[in-house]
Amino acid sequence: MVHEQGTATVKTGMARMLKGGVIMDVTTADQAKIAEQAGAVAVMALERVPADIRAEGGVARMSPVEKIEEIQAAVTIPVMAKARIGHFVEAQMLEALGVDYIDESEVLTPADEEHHIDKRGFTVPFVCGCRNLGEALRRIAEGAAMIRTKGEAGTGDIVEAVRHARSVLGEIRRLTVLGDEELVATAKVHGAPVELVRAVAREGALPVVNFAAGGIATPADAALMMQLGVDGVFVGSGIFKSATPEAAARAIVLATARYDDPASVVEASRGMGEPMRGQSASAMPESERLAGRGW
Amino acid sequence: MLALQGDVAEHEAALRRVGAEPLRVRLAADLDGLDGLILPGGESTTIGLLARLHGLLEPLRAYVAQGRPVWGTCAGLIFLARDAGHDQALIGAMDIHVDRNAFGPQVFSSERDLDVEGLEGGPLRAVFIRAPAIRTVGPHVKVLATLPDGKIVAARQDAMLVTSFHPEIGGDDRMHAAWVASCGRSRVRAVA
């Protein structure tokens, strides 16, 4: 009898179970419990939330081993964790720790400015950020089993996540009307493997689940991204940098589930408290932007 | 299809491939007139919480209590169980005791060939994702599939069917076809 672990079906299938849900950044076991009780479908363990990484500077790395183990012990929902771009040893450690998904993330300080991790050889699945379709397909070619927009993490400003989601989803729609010769030329423009470009054109969708991330701070932001066509949302600083994290977490979960019903989004937003203050991504100098990390 | 959270679209695609018409259940009124109800894969704590907050828990219990067909896959299995060993909202109708994450973290998720009692045409390619397993079953529950290590991964009690694996993403629609046939046909909703 066949029995296989780490297959593409198992890796991409795990992300399919998260659809319609909210994945929340947490730095401690207590935060992870709050996220689980609020209805998160998974938590993302990291050393500091993006807003603090911005404020404090320094090198942002994988979460300490003990923190990850505490978080794993605290919740029954999946635990994801971030590794630096290109830092395949952090990824090996996270796999050995038994995390359920690895985010090779631009939010942490990159370990390699030219190469992303070759994710195919891992049993644990990976999610990666992207700004456009070409970047998404390059990550999928490297073995990513889930994609998210990069947005601009830690700002509480949704504008970059909207830009990236519109770019990816619009480029997918364009592919569906192109002829065979045009697909080859378009693959060159996107810097993406032609076989993947053909598959996306045929299906009108990525072969993996596609979430939004980077700047989601309110229930309305989450519902906006869902209506644009993503499968679910990551919320980083938006929960634990808000005035009342429990209320913000619950509100964003409810708005994500009922994103297409304005009355439900209104109801979800009631009592959510003050969102994170945030900073405008457009006013930010290029050197402070995280989305430009990776390629 | 219960459509609160999870892999609703994958079940819907499988149902269409076997000739059924999937509808989405998000409100109590959506349960009227269904031939069968699927509780999809997803995160069982999230699905339970959303069902409770949206006032769906009692209507779902009433639906199941009427003996109408329901099939829970993975999170749906947990949601139907009497006991999941964890404080979470459950329909609680099926006399099974479930171990959540019985296989451990995602690296132990797998696909394997599995013999399912009553399913014709040989073993099914079964995809297990952070899957639960049934530890004990009550006297009225029939076990349909067991792994070599003894874990119970499919069972039936009256009109309730549960599988801890995901036939909707395994590329083999025989279970969907057999279940739709057993419902007596076509208006099938997904609670997602």
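All values below come from the heavy atoms of this structure, side chains included, with hydrogens, waters and symmetry mates left out. So that the names make sense, note that chain A is the first sequence line, chain B the second, and so on, each numbered from 1.
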Residues of residues 104-111 of chain B near chain A, each having a heavy atom less than 4.5 Å away: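 From residues 104-111 of chain B, the residues near chain A are B:Pro105, B:Gln106, B:Val107, B:Phe108, B:Ser109, B:Ser110, B:Glu111.
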A:Lys119 vs A:Phe88, side chain to side chain contact (heavy atoms under 4.5 Å, CB included): CA-CA, chis, key distance, verdict: CA-CA 9 Å; A:Lys119 295 164 271 289; A:Phe88 51 83; over 6 Å; no
Is there a donor-acceptor contact under 3.5 Å from the side chain of [X] to the main chain of [Y]?
{"X": "B:Asp158", "Y": "B:Met160", "result": "no"}
{"X": "A:Glu90", "Y": "A:Ala83", "result": "no"}
{"X": "B:Glu43", "Y": "A:Ala40", "result": "no"}
{"X": "A:Arg250", "Y": "A:Gln37", "result": "yes"}
{"X": "B:Arg174", "Y": "B:Gly121", "result": "yes"}

Mind listing the closest non-hydrogen atom pair of B:Arg130 and A:Thr76 along with its distance? NH2-O, 3.3 Å
Using a cut-off of under 4.5 Å on heavy-atom pairs, state which of A:Glu36, A:Arg258, A:Glu95 scores highest against chain B.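 Ranked by heavy-atom pairs under 4.5 Å with chain B, first place is A:Arg258.
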Option that, when pairs with chain B are counted at under 4.5 Å, heavy atom only, ranks first among A:Val41, A:Leu254, A:Thr123: A:Val41
Under 4.5 Å from a heavy atom of chain A, the part of B:Leu50 involved: side chain
What part of B:Gln88 is in contact with chain A, defined as an atom under 4.5 angstrom from a non-hydrogen atom: side chain, backbone, both or neither?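 For B:Gln88, there is no contact with chain A at all, as no heavy atom is under 4.5 Å.
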Considering only heavy atoms and a distance below 4.5 Å, find which of B:Gly171, B:Gly170, B:Gly42 pairs most often with chain A. B:Gly42
Applying the side chain to side chain contact (heavy atoms under 4.5 Å, CB included) test to B:Val25, which of B:Leu39, B:Leu31, B:Asp32 qualifies?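 Output: one option passes, namely B:Leu31.
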Assess the residue pair A:Arg16 and B:Glu168 against the criterion (side chain to side chain contact (heavy atoms under 4.5 Å, CB included)); give the C-alpha distance rounded to whole Å, side-chain angles, the decisive distance to 0.1 Å, and a yes or no. CA-CA 11 Å; A:Arg16 295 185 191 285; B:Glu168 72 279 13; over 6 Å; no
Between A:Ala38 and chain B, with a heavy-atom cut-off of 4.5 Å, which part of the residue counts as in contact: side chain, backbone, both or neither?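 Backbone of A:Ala38 only, per the 4.5 Å heavy-atom cut-off to chain B.
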Portion of A:Glu267 that has a non-hydrogen atom of chain B nearer than 4.5 angstrom: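 Neither; nothing under 4.5 Å.
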